[in-house]
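A short worksheet on the structure shown next.
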Amino acid sequence: MAIPFTPWPDEFARRYREKGYWLDRPLTDIIENQCENPSVALVDGARSFSYTQLDQLSSNLAASLLDRGVKPGDTALVHLGNNAEFFITFFALLKIGVVPVNALFSHQRNEVDAYAVQISPTLLIADQQHSLYQNAEAVDHFVTRHASIRTVLLLGTQGSQSLTAAIEQPAGGTELVPGPADQVAFFQLSGGSTGTPKLIPRTHNDYYYSIRRSNEVCGFSAQTRYLCALPAAHNYSMSSPGTLGVFLAGGCVVLASDPDATLCFPLIEQHQINVTALVPPAASLWLQAISEWGSNQQLASLRLLQVGGARLSPALAARIPAEMGCQLQQVFGMAEGLVNYTRLDDSPERIIHTQGKPMCPDDEVWVADENNNPLPTGQVGRLMTRGPYTFRGYFNSPEHNASAFDQNGFYCSGDLIAIDEAGYITVQGREKDQINRGGEKIAAEEIENLLQRHESVVHAGLVSIEDPLLGEKSCAYLVTSAPLRAVDIRRFLRSLGVADYKLPDRVVCVDALPLTAVGKVDKKALRRWMAERDAT
Ligand code: AMP
Ligand code: DBH
């Protein structure tokens with residue numbers, strides 16, 4: 001059974017094929033076309049994998065999954081960190097048409113449960129280093145909550161549930177057939193702005209194009225040596241051009257567990273990394289490390305630093321080429337599709353001051369006012385977009401889709417932007433109810449709903465506050481019936497299984513919050529109210 005999703009209208013699909021954006025080839029091509037390439041595709045600590053090995057190991061796992069009764073069209077919940085197994089698993093599932101959600105390693109019970117409830121996975125592949133699966137009891141708990149799960153494979157365990165054993169067992173002659181290229185290959189995660197985390201169906205056709213075109217724009221080739229220090233499952237590090245771009249080009253991916261300079265600088269030197277991708281706070285910490293250590297010598301091989309995921313200030317942008325000795329590329333993308341890049345041959349002025357322009361000539365991007373009318377060049381309004389790799393609907397979310405798209409299928413990302421005469425975009429703000437904590441997105445409503453579950457919380461509103469490093473942090477404004485400290489709130493949310501990055505950085509108790517007519521917290525009024533309070 002194919003996974004349901006909102007398709008592109010026929011006339012668009014025809015055009016995207018005619019123009020060569022959609023090739024009707026599965027994403028498995030990325031490694032299968034290189035199954036005889038002996039060069040190193042992936043380095044994970046002391047382990048390294050050639051293209052031939054990556055292809056073979058993913059076939060082993062694919063065959064083993066079929067043996068275990070996993071079927072094409074099934075869905076899977078994958079919860080792995082930045083390790084080789086993440087990629088082996090990703091390709092294995094693609095090879096047999098099993099559609100995964102790749103949860104971020106920082107996600108906890110609250111997030112993963114929400115994904116599992118939406119996709120009813122038959123397969124769970126997870127890392128025992130994560131507390132959700134740290135022992136048999138924890139895994140039992142998980143499987144009991146999600147009765148659809150029939151097969152479990154774990155990294156770090158032995159016996160019949162060992163992921164490593166399933167990867168190492170030779171495949172034999174099992175025939176492996178990927179899903180159709182015009183169907184859902186996997187789900188991406190949305191940063192979200194609603195109560196439940198939303199899933200983004202990505203087809204082979206659209207994702208493959210996004211990767212291919214990103215490679216052209218960013219100049220990735222067999223010589224590319226890419227450090228993946230952001231979460232491997234994130235759309236940015238996976239496809240802009242990310243690890244999949246590197247594999248497609250025949251280059252080499254080196255994994256890091258996080259973007260910490262003390263970890264990454266030696267890796268860059270050791271593996272002669274020439275490109276990597278960061279979020280702005282990590283770029284800032286790298287600059288700090290260079291100035292503290294008095295040298296950027298370890299970064300000598302680095303040619304290109306991509307920065308995206310959150311607003312990069314021009315001041316920070318200007319320091320990157322000057323102090324790191326490499327080129328900067330700004331990347332403004334979204335897991336929903338549209339990706340904008342500054343071009344490698346753009347002027348320094350453009351690279352420092354804009355978030356780039358859409359990568360595809362058929363990305364349609366315009367700026368809408370509050371009545372959904374187009375605004376003239378240069379004016380600030382809502383970003384509206386559609387194109388060959390921008391989705392047409394969140395998974396199983398008709399109500400939300402009705403407001404997230406206009407009647408012509410344009411997706412409203414919730415970003416406030418301006419587009420200049422040359423088509424370059426600057427991100428000016430946001431209309432969606434989301435906090436961008438240094439690239440990690442927090443849907444305010446999701447946290448507010450959880451805060452309301454505390455017995456002493458009467459009303460809750462989560463808003464962003466400025467932070468010099470992260471850009472934004474979160475602040476919970478609470479009306480309570482009994483005194484509550486920040487630490488109580490954080491402990492409570494942790495007990496509900498909320499990812500750490502979503503815990504409020506600050507908690508402020510107030511007598512009352514502005515409310516809407518139906519008694520919800522009025523976020524627009526709250527922001528105005530805060531601004532007025534801050535001004536006095
Ligand atoms: P997500 O929905 O989690 O994929 O996050 C995508 C959102 O991240 C965008 O809609 C923007 O709000 C934000 N974003 C990504 N890149 C940038 C950037 N370079 N500058 C400002 N905001 C960005
Ligand atoms: O923030 C993002 O989601 C993002 C940023 C840069 C993204 O999805 C991308 C590039 O593809």
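Because the structure is a prediction, the values reported are computed rather than measured.
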For the atom pair [atom1] ([X]) and [atom2] ([Y]), what is the distance rounded to the nearest 0.5 Å?
X      : Y      : atom1 : atom2 : value
Gln379 : Gln428 : CD    : CD    : 11.5 Å
Asn102 : Gln188 : CG    : CD    : 7.5 Å
Glu445 : Lys520 : CD    : NZ    : 5.0 Å
Phe187 : Phe5   : CZ    : CZ    : 10.5 Å
Ile425 : Leu338 : CD1   : CG    : 6.0 Å
Ser221 : Leu248 : OG    : CG    : 11.5 Å

- request: Identify which one of Lys19, Arg213, Arg17 satisfies the salt bridge (charged side-chain N to carboxylate O under 4.0 Å, His left out) criterion when paired with Asp362.
  value: Lys19
Okay, side chain of [X], backbone of [Y]: is any donor-acceptor separation there less than 3.5 Å?
X      : Y      : answer
Lys441 : Gly192 : no
His459 : Leu478 : no
Lys523 : Leu462 : yes
Arg303 : Val275 : no
Asn215 : Phe220 : no
Asp369 : Leu375 : no
Ser237 : Pro231 : yes

What are the two closest non-hydrogen atoms of [X] and [Y], and how far apart are they?
X      : Y      : value
Phe105 : Gly81  : CD1-N, 3.6 Å
Gln355 : Val427 : OE1-N, 2.9 Å
Leu94  : His204 : CD2-CE1, 4.0 Å
Val246 : Cys252 : CG1-N, 3.3 Å
Leu526 : Gly461 : CD2-CA, 4.2 Å
Thr243 : Phe87  : OG1-CE2, 3.3 Å

query: Honestly, is Arg386 close enough over Phe12, meaning NZ or CZ under 6.0 Å from the six-membered ring centre and within 45° of the axis?
result: no
Going by atom types alone, do [X] and [Y] pair a side-chain donor with an acceptor below 3.5 Å?
X      : Y      : value
Asn235 : Tyr207 : yes
Thr262 : Asp260 : yes
Ser474 : Glu472 : no
Asn401 : Ser397 : no
Tyr226 : His271 : no
Thr354 : Gln330 : no
Asp346 : Tyr424 : yes

Once the angle between the rings of [X] and [Y] is folded into 0 to 90°, is it parallel (under 30°), tilted (30 to 60°) or perpendicular (over 60°)?
X      : Y      : answer
Tyr411 : Phe405 : tilted
Trp22  : Trp8   : perpendicular
His400 : Tyr394 : tilted
Tyr21  : Tyr209 : tilted

Does [X] have more than 12 heavy atoms from other residues, nucleotides or ligands lying within 6.0 Å of its [atom1]?
X      : atom1 : answer
Glu399 : CD    : no
Arg527 : CZ    : yes
Asp10  : CG    : no
Asn371 : CG    : yes

When you compare the side chain of [Y] with that of [X], does any pair of heavy atoms fall below 4.5 Å?
X      : Y      : result
Glu111 : Ser106 : no
Leu267 : Ile273 : no
Ile200 : Leu189 : no
Ser413 : Glu336 : no
Tyr501 : Ile442 : yes

message: Out of the candidates Arg494, His107, Arg490, Gln108, only one should pair with Asp500 under the side-chain hydrogen bond (donor to acceptor under 3.5 Å, both in side chains) rule; please name it.
response: Arg494
CA sep, side-chain torsions, deciding dist, call: Met384, Asn372, side-chain contact (heavy atoms from CB on, under 4.5 Å): CA-CA 9 Å; Met384 306 293 295; Asn372 230 17; 3.9 Å; yes
message: side-chain contact (heavy atoms from CB on, under 4.5 Å) for Leu416 and Arg382? Distances and angles first, verdict last.
response: CA-CA 5 Å; Leu416 297 175; Arg382 299 175 176 150; 4.2 Å; yes
- request: Run the numbers on Arg343 and Val217 for side-chain contact (heavy atoms from CB on, under 4.5 Å), then give the verdict.
  value: CA-CA 7 Å; Arg343 302 304 200 255; Val217 170; 3.7 Å; yes
field: Partner residues of Tyr389 under the side-chain hydrogen bond (donor to acceptor under 3.5 Å, both in side chains) criterion, sequence neighbours left out
entry: Asp363
message: Check this for me, if you would: do Glu18 and Arg15 make a salt bridge, where the nitrogen-to-carboxylate-oxygen distance has to be below 4.0 angstrom?
response: no
- request: I would like to know whether Tyr477 and Val521 meet side-chain contact (heavy atoms from CB on, under 4.5 Å); could you show each step before the answer?
  value: CA-CA 10 Å; Tyr477 279 84; Val521 176; over 6 Å; no
